[in-house]
Amino acid sequence: MAVRGGGSADLLVIFGITGDLARKMTFRALYRLERRRLLKCPILGVASDEISLEALVNRAREAIRASGEVFDERVFARLAKRLSYLHGDVTDEALYLSLAEQIGSDRCCLYYLEMPPALFAPIVENLGKAGLLERSRVAVEKPFGHDLASARELNSRLRAVLSEEQILRVDHFLGKQPVVELEYLRFANQALVELWDRQSISEIHITMAEDFGVDDRGTFYDAVGALRDVVQNHLLQVLALVAMEPPVGPSADDLNDKKAEVFRAMPAMDPARYVRGQYRGYTEVPGVAADSQTETFVALRTEIDNWRWVGVPIFLRAGKALPVKVTEVRLFLHRTPALAFLPSPTRVAPNQLVLRIDPDPGMRLQLSARGSRSWQDVHLDSSFAEDLGEPVRPYERLLHAGLIGDHQLFAREDSIEETWRIVQPLLDRPGQVHPYEPGSWGPQAAQSLQRDHHGWREPWLPKSKRS
Ligand code: BG6
């Protein structure tokens with residue numbers, strides 16, 4: 001029996017093709033796939049704007065040029081030939097009748113919903129009513145729910161019309177090269193396999209810092225905040241890949257089972273180990289409430305209560321308007337005993353292993369060497385761009401996976417619900433929000449989480465970003 005929602009799509013339908021995500025990410029990703037000759041099907045854009053196909057093609061061209069891609073007219077011409085456009089109101093059944101007329105019910109479509117989350121379920125229900133889902137898949141962008149109850153409700157509305165195999169929950173961090181690479185690095189290298197547990201590792205830090213504010217996204221962001229925006233999804237998904245056991249087979253479920261086990265072993269987070277900050281000036285951003293208590297910075301401590309990780313503190317921090325844009329995972333190894341063979345026994349700094357996710361992905365092992373006079377850090381660094389070549393971009397990777405029906409890079413229902421369960425106490429009891437200066441590392445209160453630990457470290461920056 002054929003798997004529902006399996007196999008390559010023969011039509012890509014993008015809801016919201018005139019929106020921001022399409023302009024910033026989707027057209028570029030499609031263009032890159034076209035260049036690599038990985039696009040095989042036509043693309044139908046759907047949106048409420050009454051524009052001509054020619055206008056859509058022009059938007060696509062501008063978006064791709066503005067993205068900094070080397071623009072090849074011949075590649076673009078091939079992509080443009082695939083495009084068609086249907087305008088209509090996604091809450092109106094008439095749109096789905098026209099869709100059905102245009103595409104028929106026998107297609108294996110990938111419907112990509114680049115729409116406000118409140119519309120995910122209504123669109124899917126309408127597609128179902130029009131008989132357009134039988135052999136198709138649906139990809140939905142984040143945020144998937146705004147708490148545990150709403151995520152469950154959304155899952156159950158989608159599951160009423162679709163099987164789990166037909167749903168692709170997009171988290172673009174899962175398409176980032178170093179995040180994908182984690183599984184290979186961890187399990188293909190005995191040198192790392194041996195280090196990767198509580199016997200060797202004493203702490204895990206994950207930092208996602210951005211050096212810009214909320215800018216033009218005030219209305220969206222003020223209802224969301226940093227915890228929902230990037231921790232419940234991006235950072236916990238990364239943590240699962242850092243912490244999981246090796247998958248026992250090649251299927252997406254083999255991988256997702258191991259990630260889900262990590263989440264299941266995580267206790268719900270403790271509000272006493274959670275610090276929220278808001279950068280000064282945030283409430284002046286258009287769309288933000290004048291008395292907003294929304295956080296633009298979070299720092300927290302959590303744990304994974306299983307055989308591999310029990311007792312290893314895990315620190316996450318994420319924020320806007322910080323000094324740099326960098327995302328990294330930092331593992332601290334245990335200290336060695338004092339070095340008794342020196343005239344005065346000395347303790348040296350613990351080794352660290354850093355995976356830089358953005359920018360300029362790479363990996364670093366920090367060792368200690370004696371140097372001529374004092375202890376010095378020695379770094380064994382790999383820049384993935386230099387060592388592995390130009391990476392596939394996240395949306396390019398995710399769209400391709402969606403088109404061929406590969407679920408590895410998408411979040412499964414159970415993981416989404418588990419991650420909301422884990423952060424739910426912080427949503428219920430958020431505590432006060434501490435102001436911080438833009439360009440600083442967040443509020444002072446975030447330091448208190450690190451008392452008796454290694455302290456938040458300056459992230460490892462690419463050479464071009466070091467001052
Ligand atoms: C998005 C968040 O999911 O991820 C943004 O909504 C954030 O607030 C962005 O800036 C970061 O993504 P990237 O790929 O630039 O690290």
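It should be emphasised that the depicted structure is a prediction, and the values quoted were computed from it without experimental measurement. Both ligands and their constituent atoms are indexed starting at 1 by order of listing.
Taking the six-membered ring for Trp and the full ring otherwise, Phe144 and Phe120 have centroids separated by 6.0 Å or more.
Side-chain contact of His234 with Asp171: a donor-acceptor pair under 3.5 Å is present, judged by distance alone.
The side-chain contact (heavy atoms from CB on, under 4.5 Å) with Lys142 is formed by just one residue from the set Val170, Asn233, Ile416; it is Asn233.
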Only distances under 3.5 Å count here; give the side-chain donor-acceptor pairs of residues 278-285 to other protein atoms, sequence neighbours excluded, each with its distance to 0.1 Å.
unit_1, atom_1, unit_2, atom_2, d
Gln278, NE2, Ser292, O, 3.0
Gln278, NE2, Thr294, O, 2.9
Tyr279, OH, Val214, N, 2.9
Arg280, NE, Glu437, OE2, 2.7
Tyr282, OH, Asp222, OD1, 2.6

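Within 4.0 Å of ligand 1, the residues that place a heavy atom are Lys142, His172, Phe173, Lys176, Met208, Glu210, Arg217, Asp229, His234, Lys320, Lys325, Asp358, listed by chain and number.
A side-chain donor-acceptor contact under 3.5 Å links Tyr221 to the backbone of Ala226.
Ionic pairing of Glu417 and Arg264 is not present here: no N-O contact between side-chain nitrogen and carboxylate oxygen is shorter than 4.0 angstrom.
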